[in-house]
Amino acid sequence: TIELKGLSDSRSGIGDLYFRTKWNFWRDAATGGAAAVIPYAKVPTANSLGGTKSVQGGIIVPWEMRPSDGFTFGANLAWDLVRNDADDGYDSNFTAVALAQQEITKFLTLYAEASLAATSAGLSLWEGRAGTGLLFQVTKHVQLDYEYVRGLNRRATDWEHVLRVNWGW
């Protein structure tokens with residue numbers, strides 16, 4: 001809660017929860033290439049921390065290549081079904097992302113990525129972003145991901161900090 005000159009604003013909660021799984025449908029050991037399908041659902045669990053008020057979901061199709069030890073580049077395409085602004089139906093969002101990452105140590109990786117996104121509500125409502133980040137492998141199954149992102153046009157947030165906790169098994 002913040003109070004300033006008689007005005008106050010209060011936020012609480014942990015945000016929405018994502019549930020997702022991955023199916024690798026192509027893997028090439030010779031080139032280090034792989035492709036997958038990742039369906040997901042976002043469940044509204046936030047109190048007032050900027051979460052959504054409805055279930056949303058989508059499908060992500062990632063692809064990557066590992067041309068040398070420690071270096072990876074790749075891309076992904078995504079289709080998301082999100083609640084529309086009028087809150088009377090859903091819109092489709094489409095996103096394309098390209099990335100490159102370099103392993104610095106066994107536990108630390110540096111990466112850069114760029115993305116373009118558009119919506120079925122109007123292709124003129126596109127958004128571009130570019131960022132750089134660090135992946136820190138805390139344990140065999142837990143990874144911290146910090147990214148600093150710059151918006152490339154007026155629809156994108158100017159600057160954004162993103163912190164993710166990735167858990168896998």
Side-chain angles (χ1 to χ4, degrees), residues 14-46 51-52 54-84 89-123 125-152 155-156 160 162-169:
I14 61 168
D16 296 332
L17 288 179
Y18 284 80
F19 295 94
R20 56 191 236 177
T21 188
K22 178 172 73 172
W23 172 57
N24 283 53
F25 65 85
W26 174 72
R27 186 177 304 267
D28 184 350
T31 63
V37 174
I38 305 171
Y40 76 91
K42 181 167 67 167
V43 179
T45 57
T52 60
S54 60
V55 173
Q56 299 180 8
I59 297 173
I60 304 166
V61 179
W63 164 84
E64 74 175 25
M65 295 292 288
R66 295 178 186 235
S68 64
D69 283 343
F71 181 72
T72 304
F73 68 89
N76 76 52
L77 299 174
W79 166 72
D80 305 303
L81 195 60
V82 298
R83 195 74 179 161
N84 65 14
Y90 286 84
D91 286 333
S92 288
N93 288 346
F94 306 94
T95 307
V97 178
L99 76 97
Q101 67 182 37
Q102 177 64 53
E103 187 177 284
I104 306 301
T105 70
K106 182 179 175 182
F107 302 102
L108 189 65
T109 301
L110 176 66
Y111 68 90
E113 69 179 20
S115 67
L116 292 174
T119 177
S120 63
L123 292 180
L125 301 176
W126 71 277
E127 170 182 307
R129 300 163 31 114
T132 186
L134 290 169
L135 300 172
F136 179 66
Q137 197 69 41
V138 179
T139 70
K140 181 179 176 183
H141 300 290
V142 176
Q143 182 184 65
L144 295 178
D145 177 354
Y146 170 75
E147 183 179 17
Y148 192 52
V149 182
R150 170 75 169 130
L152 301 177
R155 295 212 36 93
E160 185 176 2
V162 180
L163 179 61
R164 299 175 190 95
V165 178
N166 302 313
W167 175 58
W169 64 90

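Bear in mind the structure is a predicted one, so any value in this text is a computation, not a measurement.
- Heavy atoms of other residues, nucleotides or ligands lying less than 6.0 angstrom from CZ of R164 number more than 12.
- For Y148, the ring-ring contact (aromatic ring centres under 6.0 Å, His included) criterion is met by W159, H161, not counting sequence neighbours.
- For the ring-ring contact (aromatic ring centres under 6.0 Å, His included) test, no residue two or more places apart in sequence or in another chain qualifies with F19.
- Once rounded to the nearest 0.5 Å, the distance linking CH2 of W126 with CG of L152 reads 7.0 Å.
- For the pair N93/S120, no side-chain contact is recorded, criterion being any heavy-atom separation below 4.5 Å from C-beta on.
- L116 approaches G128 most closely through the heavy-atom pair CD2-CA, 4.0 Å.
- Residue pairs that meet the side chain to side chain donor-acceptor pair (under 3.5 Å) test with at least one member in residues 98-112, sequence neighbours left out, are Y111-D145.
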Under 3.5 Å, side-chain donor or acceptor atoms of residues 73-84 against the rest of the protein: list the pairs with distances, not counting sequence neighbours.
unit_1 : atom_1 : unit_2 : atom_2 : d
W79    : NE1    : S92    : OG     : 3.0
D80    : OD1    : Y40    : OH     : 2.3
R83    : NE     : D87    : OD1    : 2.7
R83    : NH2    : D87    : O      : 3.0
N84    : OD1    : A86    : N      : 3.4
N84    : OD1    : D87    : N      : 2.8
N84    : OD1    : D88    : N      : 3.0
N84    : OD1    : G89    : N      : 3.4
N84    : ND2    : D88    : OD1    : 2.7

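- Here the OG1 atom belonging to T132 is positioned 9.0 Å from the CD atom belonging to E113, to the nearest 0.5 angstrom.
- By the side chain to side chain contact (heavy atoms under 4.5 Å, CB included) test, A117 is found to be paired with T95, residues two or more places apart in sequence or in another chain being considered.
- Here the OG1-CZ distance, from T31 to R66, works out to 11.0 Å after rounding to the nearest 0.5 Å.
- Here side chain to side chain donor-acceptor pair (under 3.5 Å) pairs that include residues 17-26, with residues two or more places apart or in two chains, number zero.
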Next on the checklist: Walk me through whether L135 and L108 qualify under side chain to side chain contact (heavy atoms under 4.5 Å, CB included).
Outcome noted: CA-CA 6 Å; L135 300 172; L108 189 65; over 6 Å; no
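- Across all non-hydrogen atoms, the minimal contact from R155 to E127 is O-OE1, 3.5 Å.
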